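The structure appears below as C-alpha cells.
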Amino acid sequence: MNLFKYFREEIVAALGRLAEAGTLPGGLDTAKVTAEPPREEAHGDVATNAAMVLSKGAGLKPRDLAELLAAELRAHPAVVAVEVAGPGFINLRLAESFWAERLADVLKAGTNWGDGEPKGHRVNVEFVSANPTGPMHIGHARGAVVGDALASLLAKAGFDVTREYYINDAGAQVDVLARSAFLRYREALGEAIGDIPEGLYPGEYLKPVGEALAKAHGAAFKDSPEAEWLPAFRHYAVDAMMGMIREDLAALGVKHDVFTSERALVEAGRVDAALAFLEARDEIYTGVLEPPKGKVLDDWEPRPQVLFRATRFGDDVDRPLKKSDGSYTYFASDIAYHQDKFGRGFPDMIDIWGADHGGYVKRMQAAVRAVTEGQGSLDVKLCQMVNLLKGGQPYKMSKRAGTFVTLRDLVEAVGKDVVRFIMLTRKNDAHLDFDLDKVLEQSRDNPVFYVQYAHARCHSVLRHAADMWPTAPISGPALAAAPLARLTDPAELGLIKLLAGWPRLVESAAEAHEPHRVAFMLYDLAAAFHGLWNKGKDEARLRFLLEDDPDLSLARLALVRAVASVIASGLAVFGVEPVEEMR
RNA sequence: GCAGCCGUAGCUCAGCUGGAUAGAGCGCUGCCCUCCGAAGGCAGAGGUCGUAGGUUCGAAUCCUACCGGUUGCGCCA
C-alpha cells in the first residue's frame, strides 16, 4: 500500500463529506490535490495542498478552508495531530500504531513489499542493441544495466514488461564483418594475411570464426568472388557475434526476452509496408534538403530524396528514408521496427540509446506518432558516457599494456554486482565516473559497499538472535506478530517511515522511468540503519538485542528483518545479489 | 547556424514531475572512539540553485532570451 495515495483518497473523501454537508460547494476539481511527505520532519508525516489549490473554487481563503478540512481529518483514527501551516498546508501526524501496522505489512509481504498492483499494461524496453560486430565494450554496459533495471522496476510497479534487443544485421557494417571473417578464414587455411587492411575489423575475436568457417567449408571459397560467400559468411559471423554478446550480457546478469533481426524485418517486407503505410497517409514525398548551416560539407550537393514529413510531427526537418543508391536508410528500417513493436501489442515503448544518438530522438518519436497514428508513445532514455578512473585519475585503456577494454574484463575485475550498482548511481543523462579503486573500497562513499554492509549487518543481528534465543520466531511473517508498539525511539520510527515509503518510491521512479532513484533510496535507508546501529553504541538500551528484554528485542528484530527485506527488494530491482556477510 | 542534454556547497552529485528554512558523500574545522556488532561516530562552517525577465498564492523545478559546457546535424548505424 502506498500510504500517501491512501491519505489522498481520505482527503478527497473528507472534502466530499464537507460538500455533502453544504459547507463546501459541490463538484470541486480535486485533480491537483496531493498528499506528500513534507520535506521538514517537523511538519509531520503527510502534508496536503488541498486548501491552497481548492480555495478559489470553494470561495474561501486557503487557511479558512484548511481549518474546515483539518477538523474533518482529525477524526481519522490514524491521525493524532493536524496542523494548518504556512500559506495553507495541512500537516497530518500519524499514530505510532499506524507505523507499527506498516512495519507488519512489510514483514508479511517480504520482498514483495512495494510491488504495484498488476496494471494489465504492456511495456517494451529495448536496450543494448549493440551492433553484432564484436564483443561488448564498457560503453555498452551502462545502457545494458539501465535498461535491465528499468525493466525490473517497471515489472515491480505492476507493468507487463518485455526486454528486447534489436539486431542491426542489415547494414553495411555486417558486410564488413563478413569480409573480416573471410580474411580470418583465409588465415585459418594457412594463408599469410599480414596486417588487417584499413576498414576491416582487426579484432582477434574473429579468429575462431575464421577457423570454424575453414572447418565447415574447407578451401571451397578461398578464391571465390565475394558474392558467392558473403551471405553465408555474414550469417555465420553475425550468429557468432550475437553468441558472444549474449555471453557478455549473461556475465552482467542481463537477459532479453526477444531478439528482433533487422534483416528479417527487411526480408519480410516490413520496411516496404511501413513506407507504404506512410505513403498512403501522404507523409512521404521526394524533395531536396537544405545543407546544415555552420558546418562545412565539401561534398554537399543538393539532390532529391525520399523524405518523411517529420516536421508534421514535431521534428525540425524532414528526414531521408532512402540513400542515393535507392536502399533504405537506417531510419527507414527503424520506423518499420517500431511499427512492428506497436503491432505486437506495445503502445508504450522505451528505447535506451547512447547519448551520441540524441539527435535521432525527435525524428524517431515523430515517426512513432505517424506510424501508430498517435496511438503509440516512445520514450528514449539517453545514456551518457562513463569515465573510467583509477584512484581518481583517468584510466587509459590499452590492449598492449594489458589494461582491459571489454565489458567482460570489467566484470571480471570488479564483479557484476558492483558494475550494475554503480551504473545506476547517476541519472542516465549525466556523465558517470567509474573509479576502479573506489568501487572496491570499504567506506561510506562507496554506495555499493555501504548498502551491502547494511544488509549484512541486519543478517548478523539475526544470526546473533538465533544464538541467543534458539526457539524465537524470527522469520519475516512471524515477526509481524512481534510487539511492534514498543518501537518508539525517533530513530526507529524514522526507519519504519522510510520502509513505509518504499511503495511510493517504486511507483514514482517507475512512472518517471528513473531507476537511479532506487539507488538513492537504498543509500538513505542504509544510512538510517547504520545511524541507529551507531546509536546503540552510545546508548546500550537502543541495541537491537537485549538479553533482559526478549519482547523488545523481538520488535527490534522485526525492524531489522524489514530493513534487510527492503534492501534486498531494492537490490533485486538492480539485479544485485544482497550479501549476508561481508568478507 | 540549428537541435538535444547539462549548469545546485571547494569537488562529485541528489532534490520525490510547482510547495514551507535547498540535501548527501568527499574535502575542511572541532570533539569522541580500552568493551559488544572492525572496515569509525557526533557536531560545525560552507549556497544570490549559470544570468536576466515571465507565469501564480508559491519556482532549483514550468516558459522566454542570453552565457558556459557537451553531444549530434543527407546518402553511417
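In this text the structure is predicted, and so the values were computed from the model without any measurement. Chain naming here is simple, since letters A, B, ... match the order of the sequence lines and numbering starts at 1 in each.
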With sequence neighbours left out, what residues match A/Lys427 under salt bridge (Lys or Arg N to Asp or Glu O under 4.0 Å)? none
Touch class at under 4.0 angstrom, heavy-atom based, for A/Gln442 against every strand present: base
Among the nucleotides B/rU12, B/rC75, B/rA77, whichever has the atom closest to the side chain of A/Asn131 is B/rA77
In terms of relative ring orientation, are A/Tyr453 and A/His530 parallel, tilted or perpendicular, with 30° and 60° separating the classes? tilted
Of all heavy-atom pairs linking A/Ala149 and A/Pro515, the shortest is CB-CB, 4.2 Å
Which of B/rC6, B/rC75, B/rC57 is nearest the side chain of A/Thr329? It is B/rC75
Tell me, please, which residues at least two apart from A/Gln452 pass side-chain hydrogen bond (donor to acceptor under 3.5 Å, both in side chains). none
Please determine if A/Arg504 forms a cation-pi arrangement with A/Phe4, meaning its NZ or CZ atom is less than 6.0 Å from the six-membered ring centre and no more than 45° off the ring axis. yes
Looking at B/rG37, B/rC6, B/rU17, which one has an atom nearest to any side-chain atom of A/Ser460? B/rG37
Anything under 30° is parallel, anything over 60° is perpendicular, the rest tilted; go ahead and classify A/His256 against A/Tyr165. perpendicular
Look at all strands and tell whether A/Lys535 reaches a base, only sugar-phosphate, or nothing, counting heavy atoms closer than 4.0 Å. nothing
Roughly how many Å apart are B/rA14 and B/rA77, using the P atom of each and rounding to a whole number? 34 Å
Distance-only donor-acceptor test, A/Tyr360 side-chain atoms vs B/rA77 base atoms, 3.5 Å: yes
Which residues in residues 418-428 of chain A have at least one heavy atom lying under 4.0 Å from any atom of RNA chain B? A/Arg426, A/Lys427
Hey, does A/Phe520 reach any base, or is it just sugar-phosphate, or nothing, if we go heavy atoms under 4.0 Å? sugar-phosphate
Measure CE/A/Met385 against C1'/B/rC5 and give the value in whole Å, please. 14 Å
Among the nucleotides B/rG19, B/rG4, B/rG1, which one has an atom lying closest to any side-chain atom of A/Lys362? B/rG4
Taking only N and O in the side chain of A/Lys323, is any of them less than 4.0 Å away from OP1 or OP2 of B/rA77? yes
For B/rA45 versus B/rA3, give the span between their C1' atoms, rounded off to a whole number of Å. 43 Å
Test of understanding: with side-chain contact (heavy atoms from CB on, under 4.5 Å), list the residues that count as partners of A/Pro291, not counting sequence neighbours. A/Trp300
Which is true for A/Pro62 with a 4.0 Å heavy-atom rule: it touches a base, it touches only sugar-phosphate, or it touches nothing? nothing
Distance test, side-chain N/O of A/His357 to OP1/OP2 of B/rC5, below 4.0 Å: no
Determine the interatomic distance between C1' on B/rC13 and the same-named atom on B/rC6; round to the nearest Å. 13 Å
Does a side-chain N or O from A/Arg363 land closer than 4.0 Å to OP1 or OP2 of B/rA3, or not? no
Which residue lies toward the 5' end of RNA chain B, A/Trp300 or A/Met582, if each is placed at its nearest nucleotide? A/Met582
In whole angstroms, how far is the C1' atom of B/rC11 from the CG atom of A/Asp433? 11 Å
Using whole Å, report how far CG of A/Leu525 lies from P of B/rC16. 20 Å
Give a yes or no on whether the backbone of A/Asn131 and the side-chain of A/Asn168 come within a donor-acceptor separation of less than 3.5 Å. no
Which part of the nucleic acid, if any, lies within reach of A/Glu547 when heavy atoms closer than 4.0 Å are counted: base, sugar-phosphate only, or nothing? nothing
Looking at A/Arg102 and A/Ile496, would you say the former's side chain and the latter's main chain have a donor-acceptor pair under 3.5 Å? no
When the P atoms of B/rA9 and B/rG4 are considered, how many whole Å apart are they? 25 Å
May I ask whether A/Phe89 stacks on the base of B/rG19, given the cut-offs of 5.5 Å between ring centres and 30° between planes? no
Is the shortest side-chain N/O distance from A/Arg517 to OP1 or OP2 of B/rC13 below 4.0 Å? no
Using atom C1' in both nucleotides, what's the gap between B/rG46 and B/rG30 to the nearest angstrom? 15 Å
What does A/Ala355 touch in the nucleic acid at a heavy-atom separation under 4.0 angstrom: a base, only the sugar-phosphate, or nothing? sugar-phosphate
Residue whose closest nucleotide on RNA chain B lies nearer the 5' end, A/Met52 versus A/Pro320: A/Met52
Compute the centroid of each ring, for A/Phe520 and then for A/Phe421, and state whether the two points are separated by less than 6.0 Å. no
Convert the base pairs of RNA chain B into dot-bracket notation, remembering that pairs crossing earlier ones are written with [ ] and that bases paired across to another strand are shown as |; include only Watson-Crick or G-U pairs under 3.5 Å. (((((((..((((.....[...)))).(((((.......))))).....(((((..]....))))))))))))....
Can you find a donor-acceptor N/O pair under 3.5 angstrom joining the side chain of A/Arg504 to the base of B/rC16? yes
Pairwise C1' distance for B/rU17 and B/rU61, with rounding to whole Å: 8 Å
Would you call A/Glu126 and A/Lys341 a salt bridge, taking side-chain N to carboxylate O under 4.0 Å as the test? yes
May I ask whether A/His464 stacks on the base of B/rG37, given the cut-offs of 5.5 Å between ring centres and 30° between planes? no
Which of B/rG19, B/rG74, B/rG40 is nearest the side chain of A/Pro87? It is B/rG19
Residue A/Asp429, side-chain heavy atoms: nucleotide from B/rC75, B/rC16, B/rC5 that is nearest: B/rC5
Looking at the angle O4'-C1'-N9-C4 for a purine or O4'-C1'-N1-C2 for a pyrimidine, is B/rU64 syn or anti, with syn meaning within 90° of 0? anti
Quantified in whole Å, what is the C1' atom distance between nucleotide B/rU70 and nucleotide B/rG50? 15 Å
A/Lys323 meets the salt bridge (Lys or Arg N to Asp or Glu O under 4.0 Å) criterion, sequence neighbours left out, with none
Side chain of A/Asn91, base of B/rA20: donor and acceptor closer than 3.5 Å? yes
Distance-only donor-acceptor test, A/Tyr523 side-chain atoms vs B/rA14 base atoms, 3.5 Å: no
Nearest listed nucleotide, side chain of A/Glu262, among B/rC57, B/rA3, B/rA77: B/rA77
Counting the atoms with a prime plus P, OP1 and OP2 as sugar-phosphate, which does A/Tyr450 contact under 4.0 Å by heavy atoms, base, sugar-phosphate, or nothing? nothing
If you look at every strand shown and take non-hydrogen atoms under 4.0 Å, does A/Ala540 touch a base, only sugar-phosphate, or nothing? nothing
Tell me whether A/Lys390 is salt-bridged to A/Asp435, with the criterion being a basic N under 4.0 Å from an acidic carboxylate O. no
Interatomic distance at C1', B/rA24 relative to B/rG18, whole Å: 23 Å
Picking from B/rG41, B/rU71, B/rG19, which would you name as closest to the side chain of A/Asp356? B/rU71
Under a 3.5 Å threshold, yes or no: a donor from one side chain and an acceptor from the other, between A/Tyr285 and A/Asp318? yes
Side chain of A/Ser324 (C-beta onward), nearest among B/rA20, B/rA77, B/rC75: B/rC75
